[in-house]
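Reading through the structure tokens given below for one structure.
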Amino acid sequence: MDSRKSPYAYQAVDVMEPNLYGEYFPYSQVPVLSFDGGTTPMDLPEDIWITDTTFRDGQQSMSAFTVEQITALFDYLHRIDNKTGLIRTSEFFLYSEKDRKAVRACMEKGVEFPRITSWIRANASDFELVKEMEISETGLLMSCSDYHIFKKLKMSRTACMEMYLDVVKRALDHGIRPRCHLEDITRADFYGFVLPLVQNIQALGKEAGVQINIRLCDTLGLGVPYQGAALPRSIPALIHGLKTLAGVPSGALEWHGHNDYHNVVTNATTAWLHGASAVNTTMFGIGERTGNCPLEAMLIEYSQLKQDKKIDLTFLYEMRVFFEREFGYVMDPKRPFVGDDFNMTKAGVHADGIMKCEAIYNSFDTKRILNRPVVIKVNQTSGLAGIAAWMNNWMGESETKKISKKDPLVFQVKTWVDEQYDKGRTTAISDEELLAVTNRFSGRIKAVD
Ligand SMILES: CC(C)C(=O)C(=O)O
């Protein structure tokens with residue numbers, strides 16, 4: 001298409017050869033982290049929130065969920081949100097009859113939060129579907145990097161931008177608010193494609209009297225949180241640029257990250273801190289390849305930033321049990337806030353500290369906030385202190401009746417534990433084994449519930 005005939009105010013910068021940012025993404029080597037020294041101010045919006053894509057990006061990486069599983073998980077989102085609107089939306093496919101049945105079932109619950117939003121292909125029948133189902137906003141894919149524009153879509157930037165803007169117009173014509181998913185933004189030419197595209201989207205929205213939401217998709221997890229990092233990888237610069245140069249307000253900016261470089265949580269928090277109101281998450285970080293940003297992590301990040309006391313994090317553990325039971329999902333025991341061992345200690349020196357004051361080795365009251373009391377396990381390093389702490393944990397005795405590490409019972413059990421490792425054992429001692437041994441020596445510990 002001849003860009004001079006374009007009806008849009010801002011033009012993509014057409015190039016003969018794709019800009020694949022070979023200097024940052026050499027492919028034969030791991031990517032290069034480059035700094036140009038540019039910095040942007042922090043700008044945490046007053047109102048920040050979380051959006052959910054468990055049933056879209058998350059489900060893509062798992063076996064298909066049943067309607068019953070989706071509605072049960074939706075209930076967990078609602079319970080955790082606890083009518084605060086922190087978990088503001090949840091995104092659904094509308095492709096199959098089953099997808100639509102799940103949406104209807106969740107809608108019938110009649111809850112305010114999370115609101116239901118969709119993800120569709122940009123064709124007339126999908127637009128009709130969104131309308132029919134009375135969903136006010138839908139996500140639409142707009143891949144932004146030359147990897148996608150040249151190599152996948154095989155188009156020029158101008159033609160591609162025109163195509164996306166046409167889709168925006170068609171959605172608006174159908175009375176639907178489009179949410180533009182700028183795929184692969186962290187490898188895209190910001191000034192040559194992203195900025196003119198968003199400026200034109202803003203103009204179309206203004207004409208229609210609608211604020212169009214922009215989702216910045218870090219498709220391969222290449223975004224970085226560091227000040228001074230160069231575009232297109234700098235999250236502060238991307239968000240600051242869209243706010244100040246394209247005039248997108250914070251409330252219309254959403255970050256969608258992936259965990260390919262272990263940065264997904266920090267990146268999402270960086271997006272909040274630099275002016276995007278929304279961060280997109282999935283339960284336990286399920287999602288393509290290394291996954292999306294975990295919902296549970298952002299709930300805790302939010303609590304740290306805003307000290308909100310109303311969300312109910314005690315449902316996280318139940319949701320995890322549901323996930324394991326329903327999907328055969330194996331949760332890493334060390335996974336923060338939800339894994340079996342996240343607040344578990346085996347080392348005697350830690351257990352000794354916990355016995356004296358739990359806060360020494362537990363950074364907040366995980367029993368009250370997450371319904372996850374500190375756990376003490378016994379292995380070859382637990383020593384007398386670790387075994388005494390384990391016993392006190394199981395007995396649930398009052399402060400005054402606590403078993404000391406000098407108690408002869410502790411010494412007897414420790415002798416038995418040492419014998420196991422002398423015989424070549426390598427695994428931790430289970431609670432059941434320890435209970436049996438302790439009971440054998442004393443009968444003082446109550447049985448497992
Ligand atoms: C498909 C796109 C929108 C996406 O989810 C991503 O870029 O991660």
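All heavy atoms count here, side chains included; hydrogens, waters and symmetry mates do not.
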Ignoring hydrogens and geometry, is there a side-chain-to-backbone donor-acceptor pair from Arg215 to Leu182 under 3.5 Å? no
Indicate whether any N or O donor in one side chain lies under 3.5 Å from an N or O acceptor in the other, for Asp99 and Ser96. yes
Might you confirm whether atom OH of Tyr95 has over 12 heavy atoms from other residues, nucleotides or ligands at distances under 6.0 Å? yes
For Thr281 and Asp52, indicate whether the former's side chain and the latter's backbone hold a donor-acceptor pair under 3.5 Å. no
Ignoring hydrogens and geometry, is there a side-chain-to-backbone donor-acceptor pair from Glu288 to Ser61 under 3.5 Å? no
For Arg233 against Pro31, the heavy-atom pair lying closest together: NH1-CB, 3.7 Å
Before giving the answer on side chain to side chain contact (heavy atoms under 4.5 Å, CB included), spell out for Phe127 and Leu140 the whole-Å C-alpha distance, their side-chain angles and the decisive distance to 0.1 Å. CA-CA 10 Å; Phe127 283 133; Leu140 294 163; 4.2 Å; yes
Does any non-hydrogen side-chain atom of Ile120 lie less than 4.5 Å from one of Val130? yes
Exercise: do Thr84 and Asp81 side chains pair donor with acceptor under 3.5 Å: yes
Answer yes or no: does atom NZ of Lys109 have more than 12 heavy-atom neighbours from other residues, nucleotides or ligands under 6.0 Å? yes
Working for side chain to side chain contact (heavy atoms under 4.5 Å, CB included), residues Leu238 and Leu242: CA-CA 6 Å; Leu238 284 170; Leu242 291 183; 5.8 Å; no
Close side-chain approach of Asp352 to Lys405, heavy-atom, < 4.5 Å: yes
For the residue pair Leu295 and Phe284, establish whether any side-chain heavy-atom pair is separated by less than 4.5 Å. no
One thing to verify: whether Arg335 and Glu296 come together as a salt bridge, which I'm taking to mean a side-chain N less than 4.0 angstrom from a carboxylate O. yes
Centres of the Phe327 and Phe65 rings: under 6.0 Å? yes
May I ask you to decide if Gly58's main-chain N or O and Thr54's side chain share a donor-acceptor pair within less than 3.5 Å? no
Donor-acceptor side-chain pairing of His258 and Asn292 below 3.5 angstrom: yes
Mark yes or no for whether Arg179, through its side chain, and Ser118, through its backbone, hold a donor-acceptor pair below 3.5 Å. yes
Is it the case that over 12 heavy atoms from other parts of the model lie below 6.0 angstrom from the CD atom of Glu134? no
Start with the C-alpha gap between Asp47 and Arg88, add the side-chain angles, then the distance that decides, and say whether salt bridge (charged side-chain N to carboxylate O under 4.0 Å, His left out) holds. CA-CA 11 Å; Asp47 191 18; Arg88 187 98 13 129; 3.6 Å; yes
Looking at every heavy atom in both Pro236 and His274, which two are closest together, and how far apart are they? CB-CD2, 3.6 Å
Could you verify whether a donor N or O on one side chain and an acceptor N or O on the other, from Trp390 and Asp431, lie under 3.5 Å apart? yes
Side-chain contact, heavy-atom cut-off 4.5 Å: Glu254 with Ile214? no
Does Phe364 have more than 12 heavy atoms from other residues, nucleotides or ligands lying within 6.0 Å of its CZ? yes
May I have the step-by-step check of side chain to side chain contact (heavy atoms under 4.5 Å, CB included) for Leu77 and Met283, ending in yes or no? CA-CA 9 Å; Leu77 290 176; Met283 293 173 185; 3.6 Å; yes
All heavy atoms of Pro114 vs all of Ser90, minimum pair found to be CB-N, 3.9 Å
Taking every heavy atom of Val349 against every heavy atom of Tyr361, the minimum-distance pair comes out as O-CE1, 3.9 Å
Just checking, is any N or O donor in the side chain of Asp184 or Ser145 under 3.5 Å from an acceptor N or O on the other one? yes
Glu433 bridged to Arg425 by N-O distance under 4.0 Å: yes
Does either side chain, that of Glu137 or that of Asn213, offer a donor lying less than 3.5 Å from an acceptor on the other one? yes
Can we say Asp146 and Lys151 salt-bridge, meaning some charged N sits less than 4.0 Å from an Asp/Glu carboxylate O? no
Atom CZ of Arg368 with >12 non-hydrogen neighbours under 6.0 angstrom: no
For Glu23, I'd like to know if atom CD has over 12 heavy atoms of other residues, nucleotides or ligands within 6.0 Å. yes
Is there a donor-acceptor pair under 3.5 Å between the side chain of Glu91 and the backbone N or O of Phe55? no
Salt bridge present between Lys377 and Asp340 (N-O < 4.0 angstrom): no
Answer yes or no: is there an ion pair linking Glu97 with Arg104, defined by an N-O contact shorter than 4.0 Å? yes
Ignoring hydrogens and geometry beyond distance, is a side-chain donor-acceptor pair present between Glu301 and Thr269 at under 3.5 Å? yes
Hey, are the side chains of Arg100 and Phe93 touching, using non-hydrogen atoms and a 4.5 Å cut-off? no
Please confirm whether the backbone N or O of Ser143 pairs with a side-chain atom of Tyr164, one donor and one acceptor, at under 3.5 Å? yes
Can a salt bridge be assigned to the pair Asp260 and Arg289 using a cut-off of 4.0 Å between side-chain N and carboxylate O? yes
Is the side chain of Asp43 donor-acceptor paired with the backbone N or O of Gly275 at a distance under 3.5 Å, no angle test? no
Where is the tightest heavy-atom contact between Val224 and Leu33, given as atom of each residue plus distance? CG1-CD1, 3.6 Å
For the backbone of Gly285 and the side chain of Asn259, can you confirm whether one donor and one acceptor N or O come within less than 3.5 Å of each other? no
Do the charged groups of Glu358 and Lys367 touch, with an N to O distance under 4.0 Å? no
Are a donor atom and an acceptor atom from the side chains of Ser250 and Ser277 found within less than 3.5 Å of each other? no
Backbone of Trp416 reached by a side-chain donor or acceptor of Gln420 within 3.5 Å: yes
Audit row: Met107, Ile135, side chain to side chain contact (heavy atoms under 4.5 Å, CB included) steps and yes/no: CA-CA 10 Å; Met107 278 177 157; Ile135 298 172; 3.7 Å; yes
Distance under 6.0 Å and angle within 45° of ring axis: Arg320 vs Phe323: no
So, do Leu316 and Leu299 sit near enough that their side-chain heavy atoms are less than 4.5 Å apart? yes
Specify the closest pair of heavy atoms between Ile70 and Cys106, including all atoms of both residues, with the distance to one decimal. CG2-SG, 4.2 Å
Are Leu370 and Tyr317 close enough that some pair of their side-chain heavy atoms sits under 4.5 Å apart? no
